[in-house]
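Notes follow once the structure below has been shown.
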Amino acid sequence: MNDDTPDSAQELADVLQDVRRHLLWQEETAGRALLVDAKVAAELQQQRAAASSVRSMIARAKTPEPAAAPPPPRPPAESPSRDTLHAAMKQPLGAARPLAAAAPPAAAPRAPMAASRPLASEAPRAAPAAGMLLEVPPSAPRYNGALPGVVEGERPTLDQIRRELGDCRRCKLCTGRKNIVFGSGNPRADLVFVGEGPGENEDLQGVPFVGAAGDLLTKMIGAMGFTRNDVYIANVVKCRPPGNRNPEPDEIAACEPFLRSQLLALQPKVIVALGKFAAQTLLRDTTPITRMRGKWRQYEGIQLMPTFHPAYLLRNSAEKRKAWEDLQQVMKLFGKHPGSSA
Ligand code: URA
């Protein structure tokens with residue numbers, strides 16, 4: 001009888017350990033698959049402390065930016081005619097599908113991404129469904145809710161975030177880059193486009209979307225009735241992946257906090273996520289872009305429209321029509337209608 005005791009005790013200890021691991025995993029995974037062992041548990045403890053200090057910092061924040069300067073008046077951008085758009089997108093519009101009849105969630109008044117609003121990372125999270133897990137190599141820096149450039153009690157400015165980024169060496173992309181491509185456009189933009197990462201031209205110039213995909217994006221923006229000076233453009237990773245390969249999970253993890261800080265600084269009305277890396281990273285959702293696109297989502301209280309990446313559209317021009325439908329939904333939110341001068 002006594003012979004059973006050590007085994008039972010061991011068994012009980014094993015079960016308790018499993019339960020503990022499961023609870024930690026549920027609490028902390030936040031869409032990322034983590035191996036929770038004693039070392040990771042200690043790390044999580046540290047992350048909780050960091051997140052909690054960011055939480056209290058943010059809770060103390062008052063009005064995000066001085067009331068001061070109103071946004072510079074936008075040049076009265078003419079809404080594009082269907083012909084303009086047709087030319088811009090190099091894709092006949094034909095009988096465009098009607099816009100979704102239901103008002104998007106965006107029709108609701110925007111809950112601004114104020115520094116006083118809790119970060120998503122703080123919200124209680126359910127354990128992600130198995131299909132939603134993102135694989136993060138153990139060496140990858142993990143986003144723990146701390147936002148770079150966020151000073152206690154203040155909404156960050158883009159300049160603060162850029163300073164914090166510095167001559168970044170946080171991931172291996174730094175070794176091959178010529179320039180960090182931080183982002184460009186109107187710091188008071190209501191509309192933000194998020195791409196994947198710089199290509200060769202962007203790396204050379206330090207400006208996002210200035211190559212072939214950039215030319216198409218510029219046309220898309222124009223077709224929507226905006227100029228590049230009206231909007232802000234950023235990327236998930238700020239350094240060029242060699243040979244234009246996809247950014248890797250550790251690179252995304254290292255750079256993502258800066259993008260999140262930028263969006264906190266900008267607090268746009270709408271984010272257009274260009275392609276799977278932008279959509280999946282911001283939404284922490286591995287649903288393919290083909291299924292995500294065209295449906296309003298929420299990022300930190302901001303309406304987010306996932307759509308195809310311009311580089312993909314250059315290779316698959318038959319998909320431009322769908323992208324245009326997605327952008328039309330965004331235009332609608334800004335009271336812009338294709339073919340009208342509103
Ligand atoms: N593709 C992107 O995703 N970003 C750029 O800046 C350029 C091309």
Side-chain angles (χ1 to χ4, degrees), residues 88-90 158 161-162 165 168 171 173-174 176-187 189 191-224 226-263 266 268 270-283 285 288-290 292-293 299 304-317 319-320 322-323 326-327 330:
M89 303 284 284
K90 295 196 187 104
L158 292 171
I161 300 161
R162 181 63 190 85
L165 184 62
C168 185
C171 84
L173 292 182
C174 68
R177 70 156 184 250
K178 297 210 164 37
N179 283 295
I180 292 177
V181 180
F182 180 68
S184 74
N186 188 339
L191 177 57
V192 171
F193 291 83
V194 178
E196 176 183 320
E200 187 180 13
N201 293 294
E202 291 79 15
D203 180 47
L204 288 171
Q205 296 182 40
V207 179
F209 281 101
V210 288
D215 288 346
L216 179 57
L217 178 62
T218 304
K219 287 174 185 165
M220 289 159 69
I221 291 168
M224 294 173 73
F226 295 98
T227 70
R228 278 181 70 122
N229 291 332
D230 295 328
V231 305
Y232 193 86
I233 305 174
N235 281 309
V236 171
V237 295
K238 314 228 176 292
C239 298
R240 182 189 181 202
N244 295 347
R245 67 156 167 76
N246 290 338
E248 293 175 354
D250 58 318
E251 296 155 1
I252 293 174
C255 224
E256 176 189 350
F258 291 91
L259 174 61
R260 290 181 183 272
S261 284
Q262 284 175 296
L263 294 171
L266 290 158
V270 177
I271 298 166
V272 175
L274 299 165
K276 81 167 189 175
F277 286 97
Q280 293 184 348
T281 301
L282 289 175
L283 297 172
D285 182 345
I289 188 68
T290 45
M292 260 200 282
R293 60 144 284 271
Y299 167 81
L304 183 149
M305 175 58 70
T307 193
F308 290 128
H309 191 284
Y312 171 81
L313 295 175
L314 288 175
R315 297 191 303 270
N316 301 276
S317 58
E319 301 285 51
K320 286 179 182 171
K322 291 181 191 156
D326 304 343
L327 299 181
V330 174

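As the structure is a computational prediction, the values presented were derived from the model and not from experiment. Ligands are counted one by one from 1 in listed order, and the atoms in each one are counted from 1 as well.
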If we count only N and O atoms by modelled type, under 3.5 Å, do the side chains of Arg228 and Thr218 hold a donor and an acceptor together? yes
With distance as the sole criterion, is a donor-acceptor pair present between the side chains of Lys238 and Gln262 under 3.5 Å? yes
Kindly say whether Ala253 contributes a backbone atom to a donor-acceptor pair with the side chain of Glu256 at under 3.5 angstrom? no
[X]: numbered ligand 1 atoms lying under 4.0 Å from its heavy atoms:
| X | result |
| --- | --- |
| Gly195 | 3 (O) |
| Glu196 | 2 (C), 3 (O) |
| His309 | 1 (N), 2 (C), 3 (O) |
| Pro208 | 6 (O) |

Verify whether the ring centers belonging to Phe209 and His309 lie closer than 6.0 Å. yes
Taking 4.0 Å as the limit for heavy-atom contacts, which would you say applies to Glu202 with ligand 1: side chain only, backbone only, both, or neither? side chain
How close do Ala311 and Ala213 get, heavy atom to heavy atom, and via which atoms? N-CB, 3.8 Å
Picking from Ile233, Val272, Asp230, what satisfies side-chain contact (heavy atoms from CB on, under 4.5 Å) with Ile221? Ile233
Asp326 bridged to Arg293 by N-O distance under 4.0 Å: yes
Give yes or no for whether the N/O distance cutoff of 3.5 Å, strictly under, is met between Gly199 and ligand 1. no
Look at ligand 1 and say whether Gly214 reaches it with a heavy atom at a distance under 4.0 Å. no
Does Asn235 have a heavy atom less than 4.0 Å from any atom of ligand 1? yes
For atom 5 (C) of ligand 1, what is the nearest protein heavy atom, given as residue, atom name and distance? Gly197 O, 3.4 Å
